[in-house]
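One-based numbering, in listed order, for ligands and for the atoms of each. The basis for the numbers below is simple: all heavy atoms, side chains too, and nothing from hydrogens, waters or symmetry mates.
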Amino acid sequence: MQLPTYDDVVAAAARIQGHAHHTPVLRSATADARWDAQFFFKCENFQRMGAFKFRGAFNALSKFDATQRQAGAIAFSSGNHAQAVALSARLLGMPALIVMPQDAPAAKLAATRGYGAEVVLYDRFTEDREALTLRLAVERGMTLIPPYDHPDVIAGQGTAAKELFEETGPLDRLYMCTGGGGLTSGSALAARALAPQCKVYGVEPEAGNDGQQSLRAGRIVHIPVPKTIADGAQTQHLGAYTFGIIRRDVDDILTATDAQLVEAMRFFAERMKMVVEPTGCLAFAGACTDAAAIKGARVGVIISGGNVDLARYAELLATR
Ligand SMILES: *Cc1c(COP(=O)(O)O)cnc(C)c1O
């Protein structure tokens, strides 16, 4: 298995140029003062379709040959990956088919269809979504794009950290959320190339620390679907590619509790005027639990996304 490299991240950056947003890096004097650190927030909540996932999906679909473009892309996801593949396919003028659970939130179904994708629904309790997706892929000749364990997806996700380092120069520590590890492994490739001294940390929900367990065990650990408000990080295991990079290039994987995610979400809303989804709060929450280590440091934080149902968002912010 050939792991993607930083050269692939550079190539991905050229492919997404002019299609993905070059998202802002924001500062917060309040955060800096409270933790006696210098924070640099890379705001992927302002990315197209509201999350970094657009980078990986667009990069992967851009590499299709003529035959693949004709048939299009297929993916299974109820979250941001669905919208990322749907939007990328529309921009590249190819069909997309997304396999989603019947009980997916209406807003997500509508958003995915709104980007022009065909949606096939399945019953989570009686149907095997992977088998269904593979059957549809074969029937229609479509190319399956997984949400994280794919070299082109990883390389695309790495472009966010590349932009961050190019803007800030070297950082002492970089934090990002870890679900299946696409963002984490891509970011690690960029960090190792652009800031070799920078310590790199993934952050998982405490209830779903399969990545942390995997690092400790030296093999990919599988867990049951974790119960957490961080729905973008409810993955049950890392992938073969992502784990290969993470075990080599990531210093550690930390965790944050749901209560800490809500605290971070409130901070972003109150002090920085930003809507950040619970999963997007993992990196900052993890950095804040690392208070002694970040003191006096230049700290990069990747805010991964901002897609949250507003009624749900208000409900979470109302809890103390
Ligand atoms: C998918 C996603 C994650 C997790 O990313 P991985 O590449 O699976 O680790 C984190 N935050 C948001 C907003 C996401 O959409």
Side-chain angles (χ1 to χ4, degrees), residues 4 9 12 23 41-57 59-60 75-88 105 108 111-112 145-161 175-190 200-205 208-212 214-215 220 225-226 228-243 245-246 250 253-256 261 264-265 268 274-286 301-309 313:
V9 178
T23 53
F41 297 98
K42 178 66 170 168
C43 295
E44 289 297 296
N45 50 319
F46 297 136
Q47 185 50 263
R48 291 190 80 162
M49 54 60 58
F52 72 90
K53 290 259 180 11
F54 180 73
R55 297 173 181 272
N59 183 50
F76 54 83
S77 163
S78 55
N80 289 330
H81 181 61
Q83 292 169 60
V85 170
L87 176 59
S88 300
K108 295 218 159 139
T112 305
I145 300 299
Y148 52 86
D149 206 28
H150 187 292
D152 299 335
V153 172
I154 293 168
Q157 315 308 31
T159 59
Y175 294 85
M176 78 290 304
C177 51
T178 304
L183 180 65
T184 307
S185 50
S187 304
L189 292 177
V200 178
Y201 299 95
V203 185
E204 287 180 315
N209 70 334
D210 60 284
Q212 189 182 56
S214 301
L215 267 192
I220 299 173
V225 177
T228 167
I229 59 171
D231 56 352
Q234 278 180 313
T235 36
Q236 294 173 259
H237 56 87
L238 298 174
Y241 288 100
T242 59
F243 182 62
I245 295 168
I246 287 172
V250 169
I253 294 185
L254 316 174
T255 63
L261 295 183
M265 204 158 76
F268 288 135
M274 292 198 296
V275 175
V276 180
E277 63 181 277
T279 316
C281 296
L282 275 166
F284 186 48
V301 168
I302 301 182
I303 297 176
S304 58
N307 292 330
V308 53
D309 175 76
Y313 182 70

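A donor atom on one side chain and an acceptor atom on the other are not found under 3.5 Å apart for Gln83 and Asn307. Side-chain atoms of Gln47 and Thr23 form no donor-acceptor pair, as typed in the model, at a separation below 3.5 Å.
At the top of the distance list for atom 11 (N) of ligand 1, counting protein heavy atoms only, stands Ser304 OG, 2.7 Å. Among all non-hydrogen protein atoms, the one lying nearest atom 8 (O) of ligand 1 is Gly180 N, 2.8 Å. Given atom 10 (C) of ligand 1, the protein heavy atom at minimum distance is Cys177 SG, 3.2 Å. Shortest contact from atom 5 (O) of ligand 1 to any protein heavy atom: Phe52 CZ, 3.4 Å. The closest protein non-hydrogen atom to atom 4 (C) of ligand 1 is Gly232 O, 3.5 Å.
Formation of a donor-acceptor pair under 3.5 Å by the Thr159 side chain with backbone atoms of Gly156 is found in this model. At distances below 3.5 Å, not a single donor-acceptor pair connects side-chain atoms of Asp152 with backbone N or O atoms of Asn59. Under the 3.5 Å distance criterion, the side-chain polar atoms of Thr184 are matched with a main-chain donor or acceptor of Cys177.
In the vicinity of Thr279, heavy-atom distances shorter than 4.0 Å reach the ligand 1 atoms 10 (C), 11 (N). Interface atoms of ligand 1 facing Glu277, defined by a heavy-atom separation under 4.0 Å, are 13 (C). Within ligand 1, the atoms closer than 4.0 Å to a non-hydrogen atom of Gly182 are 6 (P), 7 (O), 9 (O), numbered from 1 in the order shown. Here is the list of ligand 1 atoms found below 4.0 Å of a heavy atom in Asn80: 13 (C), 14 (C), 15 (O).
Summarising the geometry, atom CD1 belonging to Ile246 is positioned 12.5 Å from atom CD belonging to Gln212; distances are rounded to the nearest 0.5 Å. Between atom NE2 of residue His81 and atom OG1 of residue Thr112 there is a gap of 11.0 Å, rounded to the nearest 0.5 Å. Atom OG of residue Ser185 and atom CE of residue Met176 lie 9.5 Å apart, to the nearest 0.5 angstrom. The CG atom of Leu183 lies 11.5 Å from the OG1 atom of Thr242; values are rounded to the nearest 0.5 Å.
Using a non-hydrogen distance threshold of 4.0 Å, Thr235 does not register as a contact of ligand 1. Residue contact check for ligand 1: Gln157 places no non-hydrogen atom closer than 4.0 Å to it. Taking a 4.0 Å cut-off on heavy atoms, Gly280 fails to register as neighbouring ligand 1. Ligand 1 does not have Gly79 within reach: every non-hydrogen atom of the residue lies 4.0 Å or more from it. For Thr184, the closest heavy-atom approach to ligand 1 does not fall below 4.0 Å.
The shortest N/O to N/O separation between Pro147 and ligand 1 does not fall below 3.5 Å. Where the criterion is an N or O separation shorter than 3.5 Å, residue side chain and backbone included, Gly305 fails it with respect to ligand 1. The shortest N or O to N or O distance between Lys53 and ligand 1 is under 3.5 Å. At least one N/O-N/O distance between Gly179 and ligand 1 falls below 3.5 Å.
Of the options Thr255, Leu238, Leu254, a side-chain contact (heavy atoms from CB on, under 4.5 Å) to Thr178 is made by Leu238 and by none of the others.
When all heavy atoms of Ala233 and Leu282 are compared, the closest pair comes out as CB-CD1, 3.9 Å.
Note: Tyr175 and Tyr201 have parallel aromatic rings, judged against thresholds of 30 and 60 degrees for the angle between ring planes.
Using a 4.0 Å cut-off between heavy atoms, Glu44 makes no contact with ligand 1 at all.
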